[in-house]
Structures are given as C-alpha cells and as structure tokens.
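For reference, the structure discussed in these notes is given below.
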Amino acid sequence: MRRDSAKVADFAKRHHVPHWYTDATELIADKEVDAVYIATPPAQHMQYAIEALKAGKPVYVEKPMATSYAECLSMISAAEQSGQKLWVAYYRRAIPYFLKVKELLDKGEIGNVQSVNVRFFRAPSASDLNPENHVWRVKKDIAGGGYFYDMAPHTIDILQFLLGNFEQVNGTVSNTAGLYEVEDTVSASFRFASGVVGAGVWCYASNKIEEEDTIEIRGTKGVIRFSTFAFTPIELVNAETGGVIFSIAPPQHVQQPLIQAIVDELHGKGTCPSTAETAAHTSWVIDKIFGKI
C-alpha cells in the first residue's frame, strides 16, 4: 500500500506483486492478506495496528512501537482482545552481532555486570540544515520527537535484551543547535532491575570529526565494547584473555532474521524475541527520559 498510485503500481510491477492499494483499510480487509507489516511513521502505528488486529490479522509494526507508552498499552490490549500476535521491529535481537554480545555476557566473560555507558554523536545531515527539506523524523506530530525517537530506541531495546528491564530512568533533553523544533541532544541515567547502573548521551547535531557510536558494558572481570549501528568489531577485555576482537558483519537484510523468527512462531516452530511487551517497555523508558510519565 502507498498513497501515490503511480509509485505503488511501479513497485508492484517490478516485484511481481499481483495486488496493490492506495488505502490501508482496503489492504487490511483483503482476505488474501495473512499478516500486516506497518511501516508508517510512528504517529499512525496505533491506528493501523488496532485496525489490523481487529480484522484478525497478526501484526508486525515498526519501531518505536508508538509515540507514547500509553499508545503501546492500547495496542497490547487490542492484541489480547483479538487473540492475534503483535510484534515490533527491534530486529537487532535476532542479529548474530548482538547475539554474540549476549553470549559473552551470559558466559560471564566480564564477570558480574556493574555498569553501562552509551555515547552516540552524529553530525547534522544536509536536510537538517535546510528547514524546507526537513524529514518527517524531526517533526514531532509525525515522529513523536526528533532523531532520538527514531534511532535511540534500538539502543534502549538492545540494552533491555542484554541486561533485563529498566527499573529507574531519568533524562534531560535539549535543542542545542536550533536546526529544527524538536530535541537534538539527550542525556539519561538509569538503573536496571538487576542493579546494573548506566548513563547515555545522544547528540544529533555534533561535529563531523567526532562522530561516535559506542556501548560499553563493564563488569567485575572486564569490559565489552560494541556499537548499535556501525557494527564495529566487538571488543572483549578481561584478565584471562587480554583483548579479543570479534568481527561480525550484519546480515544482507538486517530485518530478515527477526522476520524469520516471526514466520517460525506463526508455524509453531519457535518464538520471536521482540514482543509487544518488550517493545512497550522501551517506549516506557523513552517517556521517562522525556518526563512524560
């Protein structure tokens, strides 16, 4: 489905798709459609997810799950009432790179985990510098916030996957460059239910020469360093091994492993690691950072 009939017709022709729509409701109602993938901006996630669930279709929705934790709860309620599955596209949970980090942690390679530190700095894009060309990701009514809403949820979710649920979260947001109306810089401190503490800084208006994408998890015996987006080599440092590097490239199609897990679950062969409940928890963290709850 796409609102532009010429573009959706062209896509359908090139990919040998027999049916296409310019209205989402018509697609959802199509009896030949077994499941619905919602890839709209976040402001429409709840509307279409609930519509598809009520139509008896399992749903795979893009991240963040919605623009607020409250919307997430409404989506979960709709899934429960319909008896249908609801998954969210936090696909890093199924990518070998991040599964390796989890393996190292689970094996106790850095001992008992004590702290985590996140540093993400990115320079403005060309569109950020021109108000007439601002993308939807910096429009609050469409995205829910700025780039943090679009990108940082991946980091928050993978930390939840690796370290368990967040228990306490505090945050501060600011617009430091004035390129658009929403925030461009965010800091947060948090504690996990396990007792692990952490902090993070995200800046989307940084200088080009000091761009960074680093997650550092420290424990009683060592440290693991890796990235959310760059897939930099995983670095493990501890007393037994000294320093070890694991270079694991992303899959050709980054969402494919998680989508395969969804297909497997639909066929009763496994369980997808990214559920509506885990995704809603990530949105709860975001709302806490922004002081919404």
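Heavy atoms of other residues, nucleotides or ligands lying less than 6.0 angstrom from NZ of K102 number more than 12. Other residues, nucleotides and ligands contribute only 12 or fewer heavy atoms inside 6.0 Å of the CZ atom of R3. Annotation: H15, atom NE2; neighbour count of heavy atoms from other residues, nucleotides and ligands within 6.0 Å is above 12. When the shell of 6.0 Å around CG of N112 is examined, it contains 12 or fewer heavy atoms from other residues, nucleotides or ligands. Remark: E32 CD is loosely packed, at most 12 non-hydrogen atoms of other residues, nucleotides or ligands lying under 6.0 Å away. Crowding of K54 atom NZ: a count of heavy atoms from other residues, nucleotides or ligands under 6.0 Å not exceeding 12. Heavy atoms of other residues, nucleotides or ligands lying less than 6.0 angstrom from NZ of K100 number more than 12.
For the pair D213 (side chain) and F229 (backbone), a donor-acceptor distance under 3.5 Å is present. In this structure, T220 contributes its side chain and G111 its backbone to no donor-acceptor pair below 3.5 Å. Side-chain N or O atoms of S274 include none that pairs as donor or acceptor with a backbone N or O of A89 at under 3.5 Å. Not a single donor-acceptor pair under 3.5 Å links the side chain of D264 to the backbone N or O of G270. A donor-acceptor distance shorter than 3.5 angstrom exists from the side chain of E265 to the backbone of C272, with no hydrogens or angles considered. Side-chain N or O atoms of Y48 include none that pairs as donor or acceptor with a backbone N or O of I28 at under 3.5 Å.
Here D157 does not pair with R92 in a salt bridge; the nearest charged N to carboxylate O distance is not below 4.0 Å.
By the salt bridge (charged side-chain N to carboxylate O under 4.0 Å, His left out) test, E62 is found to be paired with no residue, residues two or more places apart in sequence or in another chain being considered.
Between the side chains of Q160 and T278, not a single donor N or O lies within less than 3.5 Å of an accepting N or O. With 3.5 Å as the limit, one finds no donor-acceptor pair spanning the side chains of S5 and T22. S206 and E210 are not linked by any side-chain donor-acceptor pair at a separation below 3.5 angstrom, with hydrogens and angles left out of the test. When only modelled atom types and interatomic distance are considered, S174 and T176 share no side-chain donor-acceptor pair under 3.5 Å.
For the residue pair Y149 and G144, the shortest heavy atom distance occurs at CZ-O, 3.6 Å. S227 and Y97 get closest at one heavy-atom pair: N-OH, 3.1 Å. Nearest approach of L179 to H134, heavy atoms of both residues: O-CE1, 2.9 Å. Considering every non-hydrogen atom in both A143 and R137, the closest pair reads CB-O, 3.8 Å.
For the pair D4 and V8, the minimum side-chain heavy-atom distance is 4.5 Å or more. Side-chain contact between H45 and T40 is present, with heavy atoms from C-beta onward closer than 4.5 Å. For the pair L104 and I110, the minimum side-chain heavy-atom distance is 4.5 Å or more. Contact of the Y147 side chain with the S125 side chain is registered, since non-hydrogen atoms from C-beta on lie closer than 4.5 Å. You'll find the side chain of E277 reaches within 4.5 Å of the side chain of I76, heavy atoms only. Residues H154 and I158 are not in side-chain contact: their nearest non-hydrogen atoms beyond the backbone lie 4.5 Å or more apart. Side-chain atoms of E109 and N238, non-hydrogen and from C-beta on, do get closer than 4.5 Å to each other. Using a 4.5 Å heavy-atom cutoff, the side chains of Q256 and P251 are not in contact.
The six-membered or imidazole ring of F231 lies near that of F98, with a centre-to-centre distance under 6.0 Å. Centroid-to-centroid, the aromatic rings of F148 and F290 come within less than 6.0 Å. Aromatic pair Y204/F120: ring centres closer than 6.0 Å.
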Please step through side-chain contact (heavy atoms from CB on, under 4.5 Å) for the pair Y60 and K85, ending with a clear verdict.
CA-CA 8 Å; Y60 179 52; K85 294 286 188 177; over 6 Å; no

Does R225 form a side-chain contact (heavy atoms from CB on, under 4.5 Å) with R218? I'd like the steps, not just the answer.
CA-CA 9 Å; R225 298 184 184 91; R218 289 183 173 270; 3.5 Å; yes

Mind running side-chain contact (heavy atoms from CB on, under 4.5 Å) on E181 and N175 for me, showing each step along the way?
CA-CA 8 Å; E181 294 182 357; N175 184 318; 5.7 Å; no

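Across T282, I156, L99, V101, a single residue satisfies side-chain contact (heavy atoms from CB on, under 4.5 Å) together with F161, and that is L99. When each of K13, K7, R14 is paired with D10, the side chain to side chain donor-acceptor pair (under 3.5 Å) condition holds for R14 and for no other. In summary, of the residues considered (R122, K139, K63, K140), a salt bridge (charged side-chain N to carboxylate O under 4.0 Å, His left out) with D150 occurs for K63 alone.
Because its NZ or CZ atom is not both nearer than 6.0 Å to the ring centre of F11 and within 45° of the ring axis, R2 does not count as a cation-pi partner of that residue.
The aromatic rings of F192 and F166 sit tilted relative to each other, their planes meeting at an angle between 30° and 60°. Note on ring orientation: taking the six-membered ring where Trp is involved, the planes of W284 and H281 are parallel (angle under 30°, cut-offs 30° and 60°).
Under the 4.5 Å side-chain heavy-atom criterion for ILVMFWY residues, no single connected hydrophobic cluster contains both V138 and I142.
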